[in-house]
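As the structure lists them, so they are numbered: ligands from 1, and atoms in each ligand from 1.
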Amino acid sequence: MVRIKICGITRIEDALAAARAGADAIGLVFYPASPRAVSPTVARQIIRALPPFVTSVGLFVDASATEVHQVLAEAPLDVLQFHGNEPAEFCNQFGRPYLKVLRVKPGDDLNALAAQWPDASGILLDSYKEGVPGGTGEIFDWSLIPLERNWPLVLAGGLTAENVADAIARSAPWAVDVSGGVEQAKGIKDAAKINSFVQEVKRV
Ligand SMILES: O=C(O)c1ccccc1NCC(=O)[C@H](O)[C@H](O)COP(=O)(O)O
């Protein structure tokens, strides 16, 4: 069973649509420049509205430790997700499980890179786009993903209900992560697209 995270949630109704569809996790973006950014107060409201057993994941891009602690003081996130240049020592300091994001470029040795975060719960592979730290809506070359690896892969980047079966077949991920592929506008999810995506993952 491939797990599913619906990322870039900004509204309670979208979080509930994800939960009802059968998603395992939702992502909340704490990167002010993102059109999907939420405040800690809104994040708290969304997390409190979630039914049990749906994991809340907080996304950060080179935030300071103080900023991460400030978010955690208000929003009880289950998991942290680091999209910037955060070294392992930084990621380890919050006492929460975390995902480290690697934005994939041709020539990357992904096993060697993943080994730099040995305590990460998983490594999220996303598309590289200059100046865009995440939520690109673009796929990357899945043949660059090593099939022999000793870390849980969370696959992201331009996934949709139409391409996710192929992506799973090619990369055998632990989980898939989608944002733009289940939206009607940036930060506004589409319940029908969420349902289609989740159904397709469960089908394969
Ligand atoms: O969504 C954003 O705007 C964003 C901004 C900064 C860091 C991360 C961000 N989003 C991350 C994600 O939504 C997902 O982890 C991933 O990038 C998949 O996005 P998509 O390609 O749109 O499916």
Side-chain angles (χ1 to χ4, degrees), residues 2-11 14-15 17-18 21 23-40 42-43 46 55-64 67-68 71 75 77-86 90-91 97-105 117 120-142 144-145 152-168 171 173-190 193-194 196-198 200-201:
V2 177
R3 271 64 174 179
I4 303 165
K5 170 165 158 268
I6 308 293
C7 205
I9 296 285
T10 64
R11 310 187 302 172
D14 294 343
D24 301 281
I26 61 148
L28 301 159
V29 177
F30 299 99
Y31 176 57
S34 169
R36 304 179 180 102
V38 290
S39 67
V42 168
I46 292 172
T55 301
S56 58
V57 182
L59 281 67
F60 298 88
V61 184
D62 291 322
S64 69
E67 288 166 334
V68 177
V71 170
L77 296 163
D78 298 310
V79 175
L80 307 179
Q81 178 174 323
F82 294 109
H83 273 257
N85 296 307
E86 304 89 352
F90 180 90
C91 301
Y98 72 87
L99 301 171
K100 182 67 188 80
V101 177
L102 301 176
R103 300 190 296 139
V104 179
K105 295 196 285 296
W117 289 271
S121 296
I123 299 293
L124 187 150
L125 297 182
D126 202 352
S127 302
Y128 179 83
K129 187 175 182 183
E130 183 73 37
V132 185
T136 64
E138 295 178 7
I139 63 169
F140 65 93
D141 181 357
W142 300 320
L144 298 170
I145 301 172
L153 164 64
V154 182
L155 182 64
L159 296 179
T160 63
E162 287 69 40
N163 66 19
V164 72
D166 192 22
I168 290 170
S171 63
W174 173 260
V176 290
D177 178 313
V178 62
S179 182
V182 294
E183 285 182 336
Q184 33 176 287
K186 285 188 191 292
I188 307 299
K189 298 309 190 217
D190 181 318
K193 288 184 182 176
I194 291 175
S196 299
F197 186 87
V198 171
E200 183 64 359
V201 175

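- At the shortest separation from atom 14 (C) of ligand 1 among protein heavy atoms lies Asp177 OD1, 3.2 Å.
- Comparing Ser127, Gly134, Pro32 by heavy-atom distance to atom 4 (C) of ligand 1, the nearest is Gly134.
- Residue Gly158 has at least one N or O atom closer than 3.5 Å to an N or O atom of ligand 1.
- Between the choices Ser179, Gly135, Pro133, Ser34, the shortest heavy-atom distance to atom 3 (O) of ligand 1 belongs to Ser34.
- The distance from atom CG of Leu125 to atom CZ of Phe140, rounded to the nearest 0.5 Å, is 5.0 Å.
- Closest heavy-atom approach to atom 22 (O) of ligand 1 among the candidates Gly180, Cys7, Ala37, Gly187: Gly180.
- Atom CG in Asp141 sits 8.5 Å away from atom CD1 in Ile139 (nearest 0.5 Å).
- Regarding atom 1 (O) of ligand 1, its nearest protein heavy-atom neighbour is Arg36 NH1, 2.8 Å.
- Here the protein heavy atom with the shortest distance to atom 11 (C) of ligand 1 is Leu59 CD2, 3.4 Å.
- Relative ring orientation between Phe82 and Phe90 is described as perpendicular, the plane-to-plane angle rising above 60° on a 0-90° scale split at 30° and 60°.
- Heavy atoms of Gly8 stay at 4.0 angstrom or farther from ligand 1.
- Among all non-hydrogen protein atoms, the one lying nearest atom 7 (C) of ligand 1 is Val61 CG2, 3.6 Å.
- Residue-ligand proximity: Gln81 is placed with a non-hydrogen atom under 4.0 Å from ligand 1.
- Judged by distance alone, with hydrogens and angles left aside, the side-chain atoms of Asp78 form a donor-acceptor pair with the main-chain N or O of Ser56 at under 3.5 Å.
- Within the 4.0 Å heavy-atom cutoff, Gly27 does not count among the residues contacting ligand 1.
- Residue Val101 does not touch ligand 1, judged by heavy-atom distances below 4.0 Å.
- Of all atoms in ligand 1, numbered sequentially from 1 with element shown, those under 4.0 Å from a heavy atom of Tyr31 are 5 (C), 6 (C).
- At a threshold of 4.0 Å, the pair Glu183-Lys193 does not count as salt-bridged, since none of the basic side-chain nitrogens sits closer than that to a carboxylate oxygen.
- Closest to atom 16 (C) of ligand 1, if we only count protein heavy atoms, is Asp126 OD2, 3.3 Å.
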